[in-house]
Amino acid sequence: MARPNEQVGALLQEYADLVAITGGAPYRARVYEKAARSVAGHHLDVSTLDAAGLREIPNVGDSIAAKVVEYFRTGRIEEVERLRARIPAGVRELTQIPTLGPRKAMMLYDERGIASVQDLLDALDAGRLRGLKGFGPRTEENLRHGITLLRQAGGRVTLDVAMELAEEVVAALSALPQCERCTYAGSLRRMRETVGDLDILAASTKPRSLMKALTGLSLVSEVIAHGDTKTSVRTTAGMQVDLRVVPPESWGAALQYFTGSKAHNVRTREIAVRQDLKLSEYGLFTVPPAQRRHRRKATLTGEPASGEGPPAESTEPTEPAEESGPPEAGELVVSKSEQEVYARIGLPWIPPTLREDRGEIEAARDGTLPDVVTEQDIRGDLHTHTDLTDGVAPMTEMVAAAAERGYDYYAVTDHAPNLYMQRMTDEKMLAQREQLHALAKRYPHLTLLHGTELNIDPDGEVDWPADFLAGFDICVASVHSHFNQTRAQLTRRLVRACENPHVNVIGHPTARLIGHRQPIDVDLEAVYEACADTGTALEVNASPDRLDLNDEHLLAARRHGVKFAVDTDAHAVAHLDYLRYGVGTAQRGWLTAGDVINTWPLRRLRTFLRKGRKGREKP
DNA sequence: GCCGTTTTCGGCCCGACTGTTTTCAGTCG
C-alpha cells in the first residue's frame, strides 16, 4: 500500500482526535475519522490525485480534498497545525488511557495543565485532581490502572493467541446447561491480524449464571465490569474478555452487531434508518411514525408528523415483542439469524472477514460481493518444512498429517544451502527427494511435490543454478536477511527473484514479524507487476506471526491480476492448522478461489508451476 | 464536513456500564 495514503490517513485521524478533544461538533470529528480510513485504504496513491480525483474517495469532499492537496503541496495542513499549537501532543496521548476520553483529557489540560501521561501520574501522586468535577476516588484509581495497562506493550495479541483463549472460554460457557449458544465475535471473527480484546457472545434466558461462570474461570485475574447482560474480565495474561448474553431470539442481530466492525455496523444501521427501521443488538425493529427520522417525508405522505397519535397499524398482524431489552416502541421484524437481518435491509449475507466498510456494503448492494476463498477450497499446502532443516517433525509425520487433512497435493519445501545454519547440501536434498517418492506410494490419493524454500540474496540471486532448480516440482523464494537495504535495492531484489524462471512463489514477501520486525521497505506495486508479468505467485503466509502479505496488500495486488498461494510455512504438524488464519487473511483481501493457485486441480497447478519454461512439459 | 434507489438541506448509530451525581455525562464497543 502506498505510504502517502497512510501518512494522510494518520494526519486526518489526528485532526479528528484534536477536534474531539477541543470539543468541536461531534459529527465533524466523525467525518474526519471516516475520511482517514477511506484515504488510508484507498487503492490509488493519493499523492498522485488532484482535487477531483480525491473527491472520488468516499467521505472526502471539497474541504478534505483541499486539505490533502495542501498537504502534498506544502508538507503540512494549516488547520491541523492550528490545533496542534493549541493542544500539546501529550494531551492526545492521554486519550490512549482506557477510561479517559477526549472530554476528560481536555478538562485535565484546561484545569490542571496536564499535558502528558507522566504529568497525569505526577498529578495523581500529588493529589492534584481532588475537587475536579467528575474525578472522584474511583476515577483516580481507574486512571492509575489504565496507565499501567497502557505501558504494558501495546496490548494486542496475534490471532492464534486470541483464538486459543476464545475457544477455551467458549467451551467452558457452552458446557453450561443454561447456555443455548455461544461463540466468539469481534475482530477475532473478522480475523483481523491482531486482537485487542475478546468478544464472546452467548444466548441464554438466564444470563446471570453465564456471567458468574465467566468470572469464576481460573484464567480470570480481574473483573472489570459486571452488569445484567454484559461482563468484562481481564485474564491472567492481561487480555480483556467481554461477554454479552442476549435472549436466544436475538442471536442473529446480536452476532451481527458484536462482530462489527464498528464502521460496518454504522453503515448497516444507516441503511436500516433509511427504511424506517432500527437495528440494534436485540433485532431489527420498526420505528413508530411519530419517532421516524424522516419526518418531512412522513408529513408529505399525510402521516402524523409528531405528537402522541397512535402508531399506524401495520398491515400484518401485530405480534407483541416478547423480548426483554430496551426498545420499548416498535415491533420486532427479524433477529434470529444474521442472514435474516441482512436480507431484511436488502443485502445478502456478508462474510465476517469482509465487514470493514471497505466497499463490501456497496458490493453487496450491487450483487458483486466476491465469492471468497474458504478453507474447504484449499487442495494443498505449498510451503512446509521438516526436521531435515528447521522443522521439528520428520517428513513422514508431516505427510501423514497432510493426508489426514484430505489434501490432494502437498509440497515439502525445506530450506536451501544459502541459509547456512540449516546445513543443507545437494546430497541431502536429493536423498530427501528419493524418500519422498518412496513415501508417495503409501498415499495413492495424495500427490507429494518436492520443493524448496530458496533464499533470495541481496542481489536477488537464489541458491542453486538453473539445472539443479529444474529438478524441483516447486520453488518458493524468500528474503531472510539484509532487511535494511534501500527501497530500490529491495525492490530490485524481489523483482529479480520473480524473473527467475524457476521461482514459483515469493514467500512472506514483506518479511515482517508482527510485533517484532517491521516489513521491509519495498515498492510492492513494482513487485505485483513483476509477478503478474512472470507468472510468479505471491504468498499469503498463514503463520499468525507473519500474515504476509496482509489484507491491505492483497486488496492492492489483486488489481494487478497476481495469483496467490495461501501456505502455512509449517515447521510442525500443529502448524498445518494455521491455514485458517491464512484463509481469513485472503478473505479480508477479497481473494476468490480462482485467485489462489493451491485451490486449483493438480493439472492446472502444474501448468502454472512450469511458468512458461520450455522442456518441462510432461506427457 | 459529507451525503442522498426518498434529501442539494438537514440530518448524522445505538445501547451498556461506570462514577458521580440527584438525573446524567463520559467512555466504550
Side-chain angles (χ1 to χ4, degrees), chain A residues 12 15-16 19-21 23-36 38 55 57-67 79 95-107 132-143 146 185-187 196-199 201 207 211 223-232 240 242-246 250 253-254 256-285 287 292-301 325-328 330 346 357 362 365-366:
Chain A
L12 292 174
Y15 188 68
V19 167
I21 291 168
Y27 55 80
R28 258 187 102 225
R30 209 161 52 229
V31 88
Y32 275 99
E33 226 167 85
K34 280 157 71 171
S38 305
R55 278 195 304 270
I57 303 172
N59 305 307
V60 175
D62 288 338
S63 173
I64 292 177
K67 287 186 174 71
E79 194 74 1
T95 63
Q96 299 302 305
I97 300 171
T99 74
L100 185 58
R103 317 290 304 187
K104 284 185 168 174
M106 190 59 186
M107 186 182 283
L132 198 52
K133 191 157 171 277
F135 288 82
R138 293 287 301 175
T139 301
E140 289 199 10
E141 204 178 301
N142 287 340
L143 288 176
S187 50
D197 51 37
L198 219 50
D199 292 302
L201 178 67
M211 312 274 210
V223 177
I224 302 166
H226 195 37
D228 286 338
T229 66
K230 175 181 169 177
T231 291
S232 298
Q240 182 171 331
D242 296 337
L243 170 66
R244 277 294 289 259
V245 185
V246 298
S250 299
Q256 195 278 332
Y257 177 72
F258 291 113
T259 296
S261 67
K262 185 174 173 175
H264 176 88
N265 286 354
V266 168
R267 296 294 308 279
T268 53
R269 288 181 174 213
E270 283 171 357
I271 291 170
V273 166
R274 274 186 230 116
Q275 301 175 28
D276 283 324
L277 297 168
K278 185 181 66 169
L279 181 57
S280 77
E281 58 265 53
Y282 294 100
L284 186 63
F285 295 88
V287 178
R292 288 185 185 169
R293 313 288 167 113
H294 303 92
R295 197 74 54 83
R296 204 165 63 111
K297 169 71 176 177
T299 308
L300 292 174
T301 57
E328 62 290 298
D357 191 20
E362 291 76 7
R365 214 152 43 192
D366 301 344

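In the text below, chain A, chain B and the rest are named by the order of the sequence lines, each starting its count at 1. Basis for what follows: all heavy atoms, side chains included, without hydrogens, waters or symmetry-related copies. Since the structure is predicted, the reported quantities are computational estimates derived from the model, not experimental observations.
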Write out a two-atom table: protein N or O, nucleotide N or O from nucleotides 25-28 of chain B, distance below 3.5 Å.
unit_1	atom_1	unit_2	atom_2	d
B:dT27	OP1	A:Gly101	N	2.7
B:dT27	OP1	A:Gly101	O	3.0
B:dT27	OP1	A:Lys104	N	3.0
B:dT27	OP2	A:Arg103	N	3.2
B:dT27	O5'	A:Gly101	N	3.3
B:dC28	OP1	A:Thr99	N	2.6

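Whole-Å rounding puts the A:Asp366 CG to B:dT5 C1' distance at 11 Å. Counting to the nearest Å, the C1' atom of B:dG19 and the CZ atom of A:Arg138 are 8 Å from each other. Rounded to an integer number of Å, the gap from A:Glu140 CD to B:dT18 P is 19 Å. For the pair A:Leu198 CG and B:dG29 P, the interatomic distance rounds to 13 Å; values are reported in whole Å. A straight line from CG of A:Asp242 to C1' of B:dT18 spans 14 Å, rounded to a whole angstrom. Look at CZ on A:Arg30: it is 14 Å from P on B:dC2, rounded to the nearest Å. The nearest whole Å value for the distance from the CZ atom in A:Phe258 to the C1' atom in B:dC14 is 10 Å. Between A:Arg274 atom CZ and B:dC13 atom C1' the separation is 12 Å, expressed in whole Å.
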Indicate every side-chain donor-acceptor pair of residues 224-231 of chain A with a distance under 3.5 Å to a residue at least two apart or in another chain.
unit_1	atom_1	unit_2	atom_2	d
A:His226	ND1	A:Thr231	OG1	2.9
A:Asp228	OD1	A:Arg208	NH2	2.5

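Nearer the 5' end of DNA chain B, as judged by each residue's closest nucleotide, is the contact made by A:Asp62, out of A:Glu281 and A:Asp62. Two residues, A:Gly136 and A:Val60, neighbour DNA chain B, and the one matched to the more 5' nucleotide by heavy-atom proximity is A:Val60.
Base pairing annotation: B:dT8 forms no Watson-Crick or G-U wobble pair, as no partner gives both donor-acceptor distances under 3.5 Å.
The side chain of A:Lys278 contributes an N or O atom lying less than 4.0 Å from OP1 or OP2 of B:dG15. Side-chain N/O atoms of A:Tyr257 include none lying less than 4.0 angstrom from OP1 or OP2 on B:dA16. Proximity of A:Ser232 to the phosphate of B:dC17: no side-chain N or O atom is located under 4.0 Å from OP1 or OP2. In this structure, A:Asn142 does not reach the B:dT18 phosphate: none of its side-chain N or O atoms is under 4.0 Å from OP1 or OP2.
A:Arg244 comes within contact range of the sugar-phosphate backbone alone, with a heavy-atom separation under 4.0 Å but no base atom that close. Using a 4.0 Å heavy-atom cutoff across all strands shown, A:Pro137 reaches sugar-phosphate atoms only and no base atom. Here A:Thr229 lies in heavy-atom contact (under 4.0 Å) with sugar-phosphate atoms only.
B:dC13 and B:dT27: their C1' atoms are spaced 16 Å apart (whole Å). The separation of B:dT5 from B:dG1, taken at their C1' atoms, amounts to 24 Å, rounded to a whole angstrom. Comparing the same atom, C1', in B:dT18 and in B:dT22 gives a spacing of 16 Å after rounding to whole Å. If you take atom P in B:dG26 and the same atom in B:dT21, they sit 13 Å apart, rounded to whole Å. Going from the P atom of B:dG15 to that of B:dT20 covers 26 Å, rounded to whole Å. Look at the P atom in both B:dT8 and B:dC3: the space between them is 16 Å, to the nearest Å. As rounded to the nearest Å, B:dC17 and B:dC12 have P atoms that lie 25 Å from one another. Separating the P atom of B:dG11 from that of B:dA16 is a span of 26 Å, rounded to the nearest Å.
The side chain of A:Ile64 lies closest to B:dG1, out of B:dA16, B:dG1, B:dT6. Side chain of A:Asp276, nearest nucleotide from B:dG15, B:dC13, B:dT6: B:dT6. Each of B:dC14, B:dG29, B:dG1 was ranked by its minimum atom distance to the side chain of A:Val31; first place goes to B:dG1. Of the candidates B:dG15, B:dG29, B:dC12, the closest approach to any side-chain atom of A:Asp199 belongs to B:dG29. Which of B:dT20, B:dC2, B:dT18 sits closest to the side chain of A:Ala225 comes down to B:dT18. Between B:dG1, B:dC14, B:dC2, one nucleotide has an atom nearer to the side chain of A:Val273 than all others, and that is B:dC14.
At least one donor-acceptor pair under 3.5 Å links the side chain of A:Ser38 to the backbone N or O of A:Lys34. Judged purely by atom type and a 3.5 angstrom limit, A:Ser261 uses its side chain to pair as donor or acceptor with the backbone of A:His264.
When the salt bridge (charged side-chain N to carboxylate O under 4.0 Å, His left out) test is applied to A:Arg55, the partners found at least two apart in sequence or on another chain are A:Asp62. In terms of the side chain to side chain donor-acceptor pair (under 3.5 Å) criterion, A:Arg269 has no residue partners (sequence neighbours excluded). Listed by chain and residue number, nothing satisfies the side chain to side chain donor-acceptor pair (under 3.5 Å) test with A:Thr139 (two or more places apart in sequence, or in another chain). Judged as a side chain to side chain donor-acceptor pair (under 3.5 Å), and not counting sequence neighbours, A:Asn142 has no contacts.
In this structure B:dT20 sits in the anti conformation; its chi angle is more than 90° from 0.
Taking 4.0 Å as the cut-off between side-chain N and carboxylate O, A:Glu281 and A:Arg244 count as a salt-bridged pair.
Rounding to the nearest 0.5 Å places CZ of A:Arg365 at 5.0 Å from CD1 of A:Ile271. Here A:Asn59 contributes atom CG and A:Tyr32 contributes atom OH; the two are 12.0 Å apart, rounded to the nearest 0.5 Å.
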